[in-house]
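Here is the structure we will look at.
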Amino acid sequence: MIASVLVANRGEIACRVFRTCRDAGIRTVAVHSDADANALHARVADAAVRLPGTAPADTYLRGDLIVKAAVAAGADAVHPGYGFLSENAGFARAVRDAGLVWIGPPPEAIEAMASKTRAKELMGIAPLTDVTEADLPVLVKAAAGGGGRGMRVVRRLADLDAELTAARAEAASAFGDGEVFVEPYVVDGRHVEVQILADTHGTVWALGTRDCSLQRRHQKVIEEAPAPGLPPGLTAELHDLAVRAARAVDYVGAGTVEFLVADGRAHFLEMNTRLQVEHPVTEAVFGIDLVALQLRVAEGHALESDPPRARGHAVEARLYAEDPANAWAPQTGRLHRLAVPGGIRLDTGYTDGDDIGVHYDPMLAKAVAHAPTRAEAVRRLAGALERAAVHGPVTNRDLLVRSLRHEEFTSGRMDTGFYDRHLAALTEPVPDPLAPLAAALADASTRAGRFGGWRNLPSQPQVKRYAVAGEEHEVRYGHTRTGLTAEGVRVVHAGPDRVVLEADGVQRPFDIARYGDHIHVNTTRLTALPRFPDPTTQHAPGSLLAPMPGTVVRVAEGLTEGTTVQAGQPLLWLEAMKMEHRITAPVTGKLTVLPAAPGQQVEVGALLAVVEGDAE
């Protein structure tokens, strides 16, 4: 029997595994980098071991340090979570060699499927070698790892070499393996996967399908089970192919077989030899705990001959600290509050007051709704997210709500091109017109008691300015003998935390939370602007500023000050929160300043380069 488990991971997945371990009476051990010293997963574990450093290569990718941590902490088993070393056969062997239980598939199975090129060979699929115009578009893909790292869509043959180089560099940085391959890019297909679970006694379960088509940068955003609208024959084919893949490598434990579905056909993508981020939707539909089953399988127990029956529908949305309207730029800062209405499962690695840093993935939480029908589950999740309190940096919450309510999604007609088609409309700012007024009245209510709220003599209206979704809003209000007033509405109540306004006979409540200059009014995030703006630092025309804090991972080959560059030409790459961001020349002209260098840590707004445009 397993008595103590070290989770070789961080954040949400570590917390989620710990939860099941606690329920089973199993002691828990966390590992943490210096950046995660106060992270939730390190705080909730029974014991925690420091991995010196902040970069993944120095911490969560150091299998030798993690094995030593498990031995030192007295753990007798290791759960890899997902990402990092979860699909590393060498790490699995090291865990076993140390006399510990590996809660995952055999190293040989990981090895067979870890390389997507070898996995395709096992399934009888050959990658593209000599790419021609007729093959376009194609997808450059890292042979190891996942999560969209080392993946590039190529639509012009002239771009192929550069994208291969970029993909190799990103894959080597993320997974320690720079191997990439090329395959046909299936345009507007659906991303469908099958959850499998296998024991050491020859039983393999195919636990239904999941649709993960709503993706950004090849990373999933919204997932659901079962995949809607699949013909029964295709579902059966997907199950058979998934079981075939598992049996081909004598698989043990939880895993996922992924496909692209287009024109009624299934195209094998890869097998992930680990637990998936989206596993909660399968758990909800089948009424199981996949982590608990992983533990039982690792202890040698046999599964039932048949899996449990599926019931209802489940939908999961990933809440990210990112700005979808600004090229999905990750956001950092203090997460002041995260609360979702009851009836929704929330898996998170954060709690109120935690800081969101630059070193790791920007996912804050996964929200999951389960209901008897798909329509009910989608409605429940959209409503819960709309009412959730998410106070802190900009997030993708509004995008999630709009996506869930988009006709293409509600009708089940979505595909992987969803955000390519609809992102602009889904991120169009639609601020609540009364939110700035509510913020101003809440602020005024706190000052009225200190300084007196009205005068016998008429006075000019008070003016406050706020930035909402990048736009400036000015509001006016006044003080009277009976309280605060504003044109066009009746102020029913105004307090520092709650304001009630009546417009056209309808009363609307506004909950107010203020954190310095940032104010959250219901679900609207505002920034208070000074009455008299302070002068700001001026940058030369053509200045390229860091859109987020991060690390300069590389500069374009041969690029120096004085080089002539073309508009749109990549100049350097910035890595932040597990994503690479390409910084390109805004105009054709001369590169006059280049202070950025590989390995340099930069803050948001830092000067990276200056390109002076050619004179007309």
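Just so it is clear, the model here is predicted, and its values are computed rather than measured. Residues: numbered from 1 along the sequence shown.
- Each of Asp415, Leu214, Leu269, Val261 was checked for a side-chain contact (heavy atoms from CB on, under 4.5 Å) with His191, and the lone residue meeting it is Leu269.
- Ring centers of Phe286 and Trp205: at least 6.0 Å apart, outside the cut-off.
- For the 3.5 Å distance criterion, the side chains of His279 and Arg16 qualify, holding a donor opposite an acceptor.
- In this structure, a donor-acceptor pair under 3.5 Å is absent between the side chains of Tyr320 and Asp361.
- A donor and an acceptor atom, one from each side chain of Gln276 and Glu258, are located under 3.5 Å apart.
- Within a 6.0 Å sphere centred on CG of Asp263, other residues, nucleotides and ligands contribute 12 heavy atoms or fewer.
- Between Ile196 and Leu207 there is no side-chain heavy-atom pair separated by less than 4.5 Å.
- Panel note: side chain Glu561, backbone Leu594; a donor-acceptor pair is recorded below 3.5 Å.
- Residue-environment remark: CZ (Arg405) exceeds the threshold of 12 foreign heavy atoms within 6.0 Å.
- Ser33 and Tyr360 share a side-chain donor-acceptor pair at under 3.5 Å.
- Aromatic pair Phe84/Phe91: centroids not less than 6.0 angstrom apart.
- Under the 4.5 Å side-chain criterion, counting only non-hydrogen atoms from C-beta, Val277 is in contact with Glu316.
- The residue from Gln219, Glu12, Glu278 that alone fulfils the side-chain hydrogen bond (donor to acceptor under 3.5 Å, both in side chains) condition with Arg318 is Glu278.
- In this pair, Tyr185 and His218 present their aromatic rings perpendicular. The plane angle is above 60°, beyond the 30 to 60° band.
- At a cut-off of 3.5 Å, with distance as the only test, a side-chain donor of Arg413 or Ser411 sits close to an acceptor on the other residue.
- Within the 4.5 Å cutoff, the side chain of Pro228 has heavy atoms near those of the Met414 side chain.
- Looking at heavy atoms from C-beta onward, Val281 lies in side-chain contact with Arg210 at the 4.5 angstrom threshold.
- For the pair Asn9 (side chain) and Pro80 (backbone), a donor-acceptor distance under 3.5 Å is present.
- More than 12 non-hydrogen atoms from other residues, nucleotides or ligands lie less than 6.0 angstrom from CD of Glu407.
- Cation-pi geometry between Arg374 and Phe409 is met: the NZ or CZ atom falls under 6.0 Å from the ring centre, inside 45° of the normal.
- Between the side chains of Thr551 and Glu575, no donor-acceptor pair of N or O atoms lies under 3.5 Å.
- Contact of the Val611 side chain with the Val587 side chain is registered, since non-hydrogen atoms from C-beta on lie closer than 4.5 Å.
- With contacts defined as side-chain heavy-atom distances shorter than 4.5 Å, the pair Pro547/Leu574 qualifies.
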